[in-house]
K.L.:
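Sharing a structure, written as structure tokens. Questions coming.
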Amino acid sequence: MKDFTQNLEAAKAALSHLDLEEREAAITAASRDFFWYSPVLKPRLDHLRADFVVRPRNEAEVIEVLKTCYDYDIPVTTRGAGTGNYGQAMPMRGGCVMHLRHMNQVLSCTPGRVVAQPGCLLKDLDAHCKTHSGHELRMVSSTWVTATIGGFIAGGSGGVGSVTWGSLRDLGNILRLRVVTMEAAPRVLEFTGEALARVSHAYGTNGIITEVEMPTAPAYDWVDVLVKAKDFGVAMTLADDLANEDGILLKLASVFEAPTAKSFFKRVAPYVDEDDHLLALMVAPQGMDGFLTYLGRQEGAEMIYRSDAHSWARGPGLIFEYGWNHTTLRALKVDPSITYLQIRYGFPKHKALVEKMRAAFPKGEVIQHLEAIRAGGKVGFAGLSMVRFTTEARLEEIIRIHEDAGALIFNPHRYTLEEGGRQHTDDAQLNFKREADPKGLLNPGKMIAFDDPYWTYDTMYAYPDMRPPS
Ligand code: FAD
């Protein structure tokens, strides 16, 4: 890797007619994402900082930034809103952070599809779609309020809506991406079909998404529902059954093992006991009757809240902000020793596997948090188990115990694509990176296969060109 530091002033001068940020505090803020969420990543990435931030206003300016930085060998790490929690947006070698906040326009929207710029916030995109087409995105990150659609596609995987629609990687959940390469003469490419896999969930390592076309689904005034149960199996089965009820449309089915609700959900705590497990649901209004009929048949479950008719002095707020990665965020605000794992409990053994893992650890060390998710047409669980962190060695052991039992782990304590995924080279992403980013300047350090094709995954990868702490 070439040292670029002596080129910084010339590059900044060449880009000075753009929205260039050189204030120290603003650069520091734009250089950080939610990596600190992980006690493993926090000490390793805390010192990282870009040298400058540039905010292009359109695709032509993106091309200009990429071409200039290519000429001066300056690494470019793209930023949507910086809510990624595996250090996806951390500038490992410093250089340029390209912040896409100005590229926030919705370009067209009809029932069924929407075309937008990547810096559009998920909540703004949904609001626009709802007004103009009566539709909304099929699935969103629980960071809907703050995250961008480009960052969701490049750094996320699924979330609120995945109970019905599966994950972003499932066929049909992304329609088209427009992508700019980082070459001497950057190219603008349009990807559909098989080619989408090259850049989706690639952390901006092999091309910059400048336009997205996404499928949408009818928008509803979803009813947020909370149900409590003394028996964890009852809560888990409720989520599984409801996600399988063909006539009841859901956008969320989350299960929180006790004492999560009492200990970590401040506004819910007055309505639950220490030993109550909690189920959070988003139900389409026309599905409420079917839901209540189903609930009436169950023993040991009680609805404590519905957003369309409740007497709580202070409502819980957006219910999905209790689910997905928000659960851990709420927990670690109360207990900083909490971290989490991302686990896939696949159908048909998902419930049995969860019970097995519940029994595998000392009480309180691993607290179950499940999200019902559809995969290949079958409902299983994404587990975002909360873990009381003691040491990295113990965390590794907990991961091994899950894997040995047959649960798939997506390690949220790694900053590389491979280690956060299935620990193998994604040839589509790698081959496209070689073509689209020949100097390896796009979000360096995040794709092991590009840096070190012979890496064996025996230990945690440490990017050798990471900027050292000053
Ligand atoms: P950023 O963090 O800015 O970027 C993410 C990655 O994409 C980075 O590698 C960045 O370089 C790259 N990137 C950004 N824009 C582009 C572009 N235009 N072209 C190419 N590359 C680009 N994730 C989920 O999937 N589901 C969830 O439910 C979820 N819940 C979360 C809850 C909390 C509390 C937190 C902290 C995180 C959660 N996340 C979740 C992770 C993250 O918030 C989402 O993936 C989010 O959508 C990322 O969007 P962003 O705009 O913040 O992206």
Side-chain angles (χ1 to χ4, degrees), residues 30-38 50 56 59 62 66 75-92 96-101 103-104 116-125 137 139-163 167-169 173 177-182 191 198-212 252 254 318 320-333 340 342 371 373 382 384 410 412 415-417 420 429 436-437 442-447:
S31 300
R32 296 171 77 78
D33 63 11
F34 277 66
F35 72 96
W36 52 264
Y37 212 97
S38 157
E59 186 182 84
V62 169
L66 294 178
V76 176
T77 302
T78 302
R79 182 178 182 87
T83 67
N85 57 301
Y86 327 129
Q88 296 103 308
M90 296 299 289
M92 306 294 273
C96 168
V97 160
M98 182 167 65
H99 195 174
L100 299 183
R101 65 191 280 187
M103 293 179 65
N104 60 0
Q117 291 182 323
C120 190
L121 298 183
L122 295 168
K123 81 165 166 30
D124 293 342
L125 193 46
L137 290 166
M139 73 194 72
V140 294
S141 164
S142 64
T143 46
W144 178 79
V145 172
T146 47
T148 66
I149 183 69
F152 184 43
I153 292 169
S157 52
V160 189
S162 290
V163 59
S167 307
L168 278 172
R169 72 158 64 88
N173 279 337
L177 297 175
R178 190 173 161 95
V179 173
V180 177
T181 66
M182 191 170 183
F191 289 159
R198 294 176 182 171
V199 291
S200 40
H201 201 79
Y203 295 179
T205 55
N206 57 9
I208 305 309
I209 300 164
T210 53
E211 191 176 297
V212 310
L252 185 80
S254 321
L318 295 169
F320 63 75
E321 288 187 350
Y322 289 79
W324 292 93
N325 300 15
H326 268 82
T327 315
T328 307
L329 187 60
R330 286 180 188 273
L332 61 77
K333 279 182 181 166
Y340 84 125
Q342 290 185 173
E371 298 287 344
I373 182 168
L384 294 93
F410 299 94
Y415 54 78
T416 62
L417 285 159
Q429 293 187 347
D437 177 28
L442 283 176
N443 204 357
K446 307 285 170 62
M447 192 191 284

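All ligand and atom numbering here is 1-based and tracks the order in the structure. Computation of the quantities below employed the complete heavy-atom set of this structure, encompassing side-chain atoms and omitting hydrogens, waters and symmetry-equivalent molecules.
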K.L.:
Please state which part of Leu100 comes within less than 4.0 Å of ligand 1, counting heavy atoms only: side chain, backbone, both or neither.
P.N.:
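The answer is the side chain of Leu100.
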K.L.:
Which pair of heavy atoms, one from Lys446 and one from Gln88, lies closest together, and at what distance?
P.N.:
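In this case the closest contact between Lys446 and Gln88 is NZ-O, 2.9 Å.
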K.L.:
Closest heavy-atom contact between His201 and Gln429?
P.N.:
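Closest pair (atom of His201, atom of Gln429, distance): O-NE2, 3.2 Å.
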K.L.:
Minimum heavy-atom separation for Val199 and Ile209, please, with both atom names.
P.N.:
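Distance-wise, the nearest heavy atoms are O-CD1, 4.4 Å.
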K.L.:
Nearest protein heavy-atom contact for atom 29 (C) of ligand 1: which residue, which atom, what distance?
P.N.:
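Protein heavy atom with the smallest distance to atom 29 (C) of ligand 1: Ser141 OG, 3.1 Å.
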K.L.:
Checking contacts here: is it the side chain or the backbone of Pro118 that comes within 4.0 Å of ligand 1, counting heavy atoms only? Could be both or neither.
P.N.:
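The answer is the side chain of Pro118.
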K.L.:
So do the side chains of Arg330 and Glu321 get within less than 4.5 Å of each other, counting heavy atoms only?
P.N.:
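Yes, close enough: below the 4.5 Å cut-off.
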K.L.:
Quick one: does Thr78 get within less than 4.0 Å of ligand 1, heavy atoms only?
P.N.:
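Yes; Thr78 lies near enough to ligand 1 that a heavy-atom distance drops under 4.0 Å.
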K.L.:
For atom 9 (O) of ligand 1, which protein heavy atom lies nearest, and how many Å away is it?
P.N.:
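Here the nearest protein heavy atom works out to Gln88 O, 2.9 Å.
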K.L.:
Main chain of Pro412, side chain of Gln342: is a donor-acceptor contact present, judged purely on distance under 3.5 Å?
P.N.:
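Not at all, since once roles are kept as given, no pair shorter than 3.5 Å links the two residues.
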K.L.:
May I ask you to identify, for Phe152, whether its side chain, its backbone, both or neither come under 4.0 Å of ligand 1 on a heavy-atom basis?
P.N.:
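It is both parts that get close, each with some atom under 4.0 Å.
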K.L.:
Check ligand 1 against Arg79 and write out every atom of the ligand that is under 4.0 Å from a heavy-atom position of the residue.
P.N.:
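Within the 4.0 Å cut-off of Arg79, ligand 1 contributes 3 (O).
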K.L.:
Just need the protein heavy atom nearest to atom 28 (O) of ligand 1, so name the residue and atom and give the distance.
P.N.:
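Sorting protein heavy atoms by distance from atom 28 (O) of ligand 1 puts Ser142 N, 3.0 Å first.
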K.L.:
Mark the output for Gly323 as yes if a heavy-atom distance to ligand 1 is under 4.0 Å, and as no if none is.
P.N.:
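It does not; every heavy atom stays at 4.0 Å or beyond.
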K.L.:
Provide the number and element of each atom of ligand 1 under 4.0 Å from a heavy atom of Gly204.
P.N.:
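Atoms satisfying the 4.0 Å criterion: 20 (C), 21 (N).
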K.L.:
Do Leu168 and Ser157 pass the side-chain contact (heavy atoms from CB on, under 4.5 Å) test, and can you show the C-alpha distance, the side-chain angles, and the key distance before you say yes or no?
P.N.:
CA-CA 6 Å; Leu168 278 172; Ser157 52; 5.7 Å; no
K.L.:
How close do Thr205 and Asp437 get, heavy atom to heavy atom, and via which atoms?
P.N.:
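Looking at all heavy atoms of both residues, the closest pair is O-OD2, 3.5 Å.
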K.L.:
For atom 39 (N) of ligand 1, tell me which residue out of Leu442, Val179, Asn325 has the closest non-hydrogen atom.
P.N.:
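The nearest heavy atom belongs to Asn325.
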K.L.:
Drop me the distance from Thr181's OG1 to Leu66's CG, to the nearest 0.5 angstrom.
P.N.:
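Reported to 0.5 Å precision, the distance equals 8.0 Å.
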K.L.:
Using a 4.5 Å cut-off on heavy atoms from C-beta on, say whether the side chain of His326 contacts that of Thr143.
P.N.:
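They are in side-chain contact.
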K.L.:
Any idea which atoms of ligand 1 are less than 4.0 Å away from a heavy-atom of Phe34?
P.N.:
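Here the atoms of ligand 1 in question are 36 (C).
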K.L.:
Please identify which atoms of ligand 1 are closer than 4.0 Å to at least one heavy atom of Thr143.
P.N.:
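Those atoms are 31 (C), 32 (C), 33 (C), 35 (C), 37 (C), 38 (C), 42 (C), 43 (O), 44 (C), 46 (C).
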K.L.:
Which residue and atom name correspond to the protein heavy atom nearest atom 25 (O) of ligand 1, and how close is it?
P.N.:
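The closest one turns out to be Ser157 N, 2.8 Å.
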K.L.:
Tell me the protein heavy atom at minimum distance from atom 41 (C) of ligand 1, and give that distance in Å.
P.N.:
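For atom 41 (C) of ligand 1, the nearest protein heavy atom is Asn85 OD1, 3.4 Å.
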K.L.:
Any atoms of ligand 1 less than 4.0 Å from a non-hydrogen atom of Ala154? List them with their elements.
P.N.:
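Near Ala154, meaning under 4.0 Å from one of its heavy atoms, ligand 1 has 7 (O), 12 (C), 13 (N), 20 (C), 21 (N), 22 (C).
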K.L.:
Restricting to side chain to side chain donor-acceptor pair (under 3.5 Å), what partner residues turn up for Asn325, sequence neighbours left out?
P.N.:
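Testing Asn325 for side chain to side chain donor-acceptor pair (under 3.5 Å), a comparison that skips the adjacent residues, returns Asn85, Tyr340.
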K.L.:
Looking only at heavy atoms, is any part of Tyr203 under 4.0 Å from ligand 1, and if so is it the side chain, the backbone, or both, or is it neither?
P.N.:
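For Tyr203, the contact with ligand 1 is made by both the backbone and the side chain.
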K.L.:
Using a plain distance cutoff, I'd like to know if Thr77 has any nitrogen or oxygen under 3.5 Å from a nitrogen or oxygen of ligand 1.
P.N.:
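Between Thr77 and ligand 1 (N or O atoms, distance only) the closest approach is not under 3.5 Å.
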K.L.:
What distance separates Thr83 OG1 from Tyr37 OH, expressed to the nearest 0.5 Å?
P.N.:
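Rounded to the nearest 0.5 Å, the OG1-OH separation comes to 10.5 Å.
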K.L.:
Could you see which bit of Asn443 sits under 4.0 Å from ligand 1, with heavy atoms only: side chain, backbone, both or neither?
P.N.:
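Side chain only.
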K.L.:
Considering the heavy atoms of Leu329, write down every atom of ligand 1 situated less than 4.0 Å from one of them.
P.N.:
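Those qualifying, in numeric order: 34 (C).
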K.L.:
Taking both backbone and side-chain atoms of Gly207, is any N or O found less than 3.5 Å from an N or O belonging to ligand 1?
P.N.:
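For ligand 1, there is no N or O atom that lies under 3.5 Å from one belonging to Gly207.
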K.L.:
Can you name the residues that form a side-chain contact (heavy atoms from CB on, under 4.5 Å) with Thr78, not counting sequence neighbours?
P.N.:
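Val76, Met98, Leu100, Ile208.
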K.L.:
What is the minimum heavy-atom distance between Ser162 and Ser167, and which atoms define it?
P.N.:
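What the structure gives for the nearest pair is OG-CA, 4.4 Å.
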K.L.:
Any idea which protein heavy atom is nearest atom 4 (O) of ligand 1, and the distance to it?
P.N.:
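Nearest neighbour among protein heavy atoms for atom 4 (O) of ligand 1, to 0.1 Å: Gly151 CA, 4.0 Å.
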K.L.:
Please list the nearest protein heavy atom to atom 19 (N) of ligand 1 with its residue and the distance rounded to 0.1 Å.
P.N.:
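It is Ile209 N, 2.9 Å.
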K.L.:
Does an N or O from Ala147, backbone or side chain, lie closer than 3.5 Å to an N or O of ligand 1?
P.N.:
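In this structure, Ala147 places no N or O atom under 3.5 Å from an N or O of ligand 1.
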K.L.:
Hey, does Leu252 have a side-chain heavy atom less than 4.5 Å from the side chain of Tyr322?
P.N.:
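Tyr322 vs Leu252: side chains apart.
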K.L.:
In ligand 1, which numbered atoms sit nearer than 4.0 Å to a non-hydrogen atom of Gly158?
P.N.:
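Per the distance check, 24 (C), 25 (O), 26 (N), 27 (C), 28 (O).
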K.L.:
To the nearest 0.5 Å, what is the distance between CG on Leu384 and CZ on Phe410?
P.N.:
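Output value for this atom pair is 11.0 Å.
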K.L.:
Return the minimal non-hydrogen interatomic distance between Ala81 and Thr148, and the atom names on each side.
P.N.:
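Shortest heavy-atom separation between Ala81 and Thr148 comes out as N-CG2, 3.8 Å.
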K.L.:
Tell me, with the steps shown, if Trp36 and Leu332 meet side-chain contact (heavy atoms from CB on, under 4.5 Å).
P.N.:
CA-CA 11 Å; Trp36 52 264; Leu332 61 77; 4.0 Å; yes
K.L.:
For atom 37 (C) of ligand 1, grab the closest protein heavy atom and report residue, atom and distance to one decimal in Å.
P.N.:
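For atom 37 (C) of ligand 1, the nearest protein heavy atom is Thr83 O, 3.3 Å.
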K.L.:
With respect to atom 2 (O) of ligand 1, which of Ala202, Ala30, Gly84 exhibits the smallest heavy-atom separation?
P.N.:
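Ranked by closest heavy atom to atom 2 (O) of ligand 1, first place is Gly84.
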K.L.:
My understanding is that we take every heavy atom of each candidate and find the minimum distance to atom 34 (C) of ligand 1. Doing that for His326, His99, Arg330, which one comes out nearest?
P.N.:
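Minimum heavy-atom distance to atom 34 (C) of ligand 1 goes to His326.
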K.L.:
Show me which atoms of ligand 1 lie under 4.0 Å from any heavy atom of Gly156.
P.N.:
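Listed by number with element: 25 (O), 45 (O).
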